[in-house]
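One structure below.
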Amino acid sequence: MKAFSDIRVASLLALALLVAGGFALPEWALFLMTIGLAKALVSLGIVVQMRAGLVSFGQGLFFCIGAYVAGLMANFAGLTDIFVLTGIAVIACLAVGGLFGPLLANYRGIFFAMLSLSLSMILYGVLSKMNSLGGTDGLNVAAPTFAGYAPEGRALSLSLYLYTSFIVVAIGAVLRTGFDSQHGLVSLAVRSNELRVEYLGASVRRTNAINYVISAMLGGIGGVITGLAIGHVDPEYAYWTTSGEFVFVAILAGYLSIPAVFVASIILELVRSFSNLYFPNTWQMVLGVFLLVIILTLPNGLGSLFHRKREGGS
Amino acid sequence: MSTSNPTGTPALETKGLMKSFGAVTAAHDITVSVPERAVWSLIGTNGAGKTTFVNMVTGYLHPDQGSILFQGRDITSLGPREVTRAGICRSFQIPQLCSELTVLENVLVALAIADPKPPSFFRKARESAAEDRAMEILKRFRIEEHRGRLMSELSAGVRKLLDIAMSMCGHPKVMLLDEPTSGVAAEEKFPIMDLVMEALAAENVTTLFVEHDMDIVTRYSDRVLAFYDGRIIADDAPDEVLNDPQVQRYVTGTAPAEASS
Amino acid sequence: MDLLLVILVDGLIYGAWLFIVSVGLTLVFGVLGILNLAHGSLYAIGAYSTATAVGIYFAYGGDAFPLGSYAVMALAAIIVAVVIAPLLERGLLRHFYHRDEVIGVLVTYGVFLILEDAIKLIWGVDPLFVYEPYDLLGMVEAGPLFYVAYDFLVIAVSAITGFAVWYFLNRTRRGKVMLAVIHDREMSQTMGVNVDKVFLLAFGAGVFLAAFGGALTAPMISVSPGIGVNVIIVAFAVIIIGGLGSIEGAALGAVMVGISRAASVHLMPELELFIIYFVMAVVLIFRPEGIFVRTQTRKI
């Protein structure tokens, strides 16, 4: 119970900070924070799977589905309410994740990484060819409304930011509980020793499938918010390099701390926007060097957390 | 050590198990019937088929032919998870532990899984009731002082005990121990076996263990199966089996002329 | 019948190209255990180097002997391999051989990010064209249609490449050692194989094959940023169909994907972009680890 109230206190503090920041920050920073937090949700989905030893290179699939839910609903159904859109995105990702999760749960390591990547590339291919959905140009997304409230300008940025902050804190709290739960502990056990988990009587496949579905929903929510914040969606959301950036953030943050994922994601967005201004052609290089430095200099830290020891270490 | 009142249906039966890997015969017509609460040992040189037998019974391998029955129920085609759920657990020659978790957490994992309901996303793993039970189990195997340690910090004996303790969390009816004392310091072997056998006897668990140390075989088992070349070449009380000339020639290497320990 | 022939020829051309761009990937994975996500970037570097080198060749009198441009293309790929392979393998990858395969993916993803920008820094963002080698051989008549002869050159080169790799692995001493490493790395190490050398050689060959694929492709496309990004994806699909680490698998996978794609282009063009994944999905349903599976033993 103590830990439970700790989570509550931490969440309220985080929320208070975020809300206070919302009224203090300039509009460009609000936008950047919104994107950073929303994308962090997608990376958090990778972290959920990393805790069981899997790295998905295809979270762009759900990110893209979420974003297209926003775009399609606005363009074809006239729906702009952010609560409804988020709900639809979650349901859509639940359905797709529920379909592919049990299939992908049979795979491990690079097979899992690359098959999840392939799935997102299929969506990329489909969307690029569908001219009714804008093809490679994508769709513009109408500004969201908030249960009837239709803000504009700075009020819109602020509303979206506050909405994102609430969602992010709520999800962070739920996931912390989940990480400390039986399922969370069994996930860590799967990461360490699958064989043992099966020989204790739990299904590794089920564990992986559940984590995949959770990550699907997180990806969808991240996508719907990003689509609404940017006001435009295109197939690039599902491209493998987009997924790669989510993996980058997950590696940077590691799987132990949830707030670290948000921080890492916001750092990435900051680096991206400054690089775009000052050195547009080398920003990926900066990321690449950064990634290598993390993996190389922390052999027993973040990077080595992926190293699965096959036996109890004798 | 064991209670000697086998009753009714055998706990575990195998009928004509066959298994080969390419040209190597790992099991040839293995037929055994293990009564409830029996404590049997499996002996044989490396490659004789002992571990293959354990692997087949626990669903890691499936026999090419033959069947396996647990309390009369056919479990031949089940995988490790279903076999475990049915009530047959095992330990491993190389302890299979979760290296990134502490000793206590390893047991908590085992307890969370042993729960009939699937591991919950909403139920805390470290709630005090579960921790108390985990500590009880650690105490029973006298490894409670290691609770906060990681696997790399443990001695071979502690790893063996933890491995078996985790398998015990599911309250098995049948337990297969794969070389419970291999790699353990000589002076630790008997204390470890005492603890393990006591825990198993307390829950009336039918036990089969693979063992190379004949002192342990004679002391703890009431029947011995000797394996050679995928076949059972002797199946009797320990003294009988160890005095069998074939066993002495192919298994223990104590041919009469050069009898030693 | 004509359509069938067209599909077959188109499929073979595309399959031949696929084989060249994916055989290096599967070779490197087989020997080093690293799925090189930067393979596509190496392909792109090969294409750019070729564009530059062939451009220079023709600017300085290459017109007198245009066929020499083919030698220039191969030379460009060799230079790329000699410069880049030791740098990457010795400097970076060798730190990760004992680690999880997923780490290899992450590391080479980092390399991919770096190389993509390095390409832009070196060659800029404007597309380059080197059409000369493509037009050099003229046209050939195949059934009802005319093909650019260069396309058939790709098939020939691909077949020669496949044969060369096969010959090297099965008929030369070094190759046999490499095959032994593919088959059982730990065993080979304990048998005293100098794995360091084998790894460098294999990675060098992998880089060369990637760059050579790019070199061969450069005359057929406009060489521009991002050409390598897609290649890694199709190459991966091809080698997963064939079974990771299997050379024969890459060949079979390439032909299967090539013909399926050609069929789709002519029969159902809207499916073209994801037919490759469709083939992959079908194969994986029946052979979960690809057609030629690396045997994996696991002991308790």
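Since we're looking at a predicted model, the values are computed, not measured. Throughout, a chain's letter reflects where its sequence line sits, starting with A, and its residues are numbered from 1.
Contact of B:A110 with chain A is made through backbone and side chain together, with heavy-atom distances under 4.5 Å. Using a 4.5 Å cut-off between heavy atoms, B:S128 makes no contact with chain A at all. Of the two parts of B:L108, the backbone and the side chain both hold a non-hydrogen atom closer than 4.5 Å to a non-hydrogen atom of chain A. Of the two parts of A:I214, only the side chain, counted from C-beta on, holds a non-hydrogen atom closer than 4.5 Å to a non-hydrogen atom of chain B.
In this structure, A:N193 contributes its side chain and B:L97 its backbone to a donor-acceptor pair below 3.5 Å.
In B:K19, the NZ atom is crowded: over 12 heavy atoms of neighbouring residues, nucleotides or ligands sit closer than 6.0 Å. Residue A:Y107 qualifies as enclosed at atom OH: its count of foreign heavy atoms under 6.0 Å is above 12. The local environment of CZ in A:F166 is sparse, with at most 12 non-hydrogen atoms from other residues, nucleotides or ligands closer than 6.0 Å.
Interface remark: of the candidates B:G79, B:A112, B:S120, B:S120 forms the most heavy-atom pairs closer than 4.5 Å to chain A. Among the candidates B:D115, B:I113, B:V109, B:L154, the residue making the largest number of heavy-atom pairs closer than 4.5 Å to chain A is B:I113. For chain A, the option among B:A156, B:A86, B:G183, B:P118 with the highest count of heavy-atom pairs below 4.5 Å is B:P118. Most heavy-atom pairs under 4.5 Å with chain B: of the set A:S187, A:A202, A:G184, this distinction falls to A:A202.
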Evaluate the criterion side chain to side chain contact (heavy atoms under 4.5 Å, CB included) for residue pair B:E105 and A:L188; output intermediate values, then yes/no. CA-CA 10 Å; B:E105 285 168 336; A:L188 288 180; over 6 Å; no
Between B:D163 and A:R196, is a side chain to side chain contact (heavy atoms under 4.5 Å, CB included) present by the stated rule, with each step listed? CA-CA 9 Å; B:D163 186 55; A:R196 172 45 107 172; 2.4 Å; yes
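Contact detail for A:Q182 and B:P119: the closest heavy-atom pair is OE1-CA, 3.8 Å. Pairing each heavy atom of B:M166 with each of A:L200, the nearest pair is O-CD2, 3.5 Å. Scanning all heavy atoms of the two residues, the minimum distance from B:T84 to A:G201 falls at CG2-N, 3.8 Å.
Atom NZ of B:K124 is separated from atom CG of A:L185 by 10.5 Å, given to the nearest 0.5 angstrom. Expressed to the nearest 0.5 Å, how far CD of B:Q96 lies from CD of A:E194 amounts to 11.5 Å.
The aromatic rings of B:F121 and A:H183 sit tilted, their planes meeting at an angle between 30° and 60°.
Checking B:S91, B:P80, B:S167 one by one against A:Y199, the side-chain contact (heavy atoms from CB on, under 4.5 Å) holds for a single residue, B:P80.
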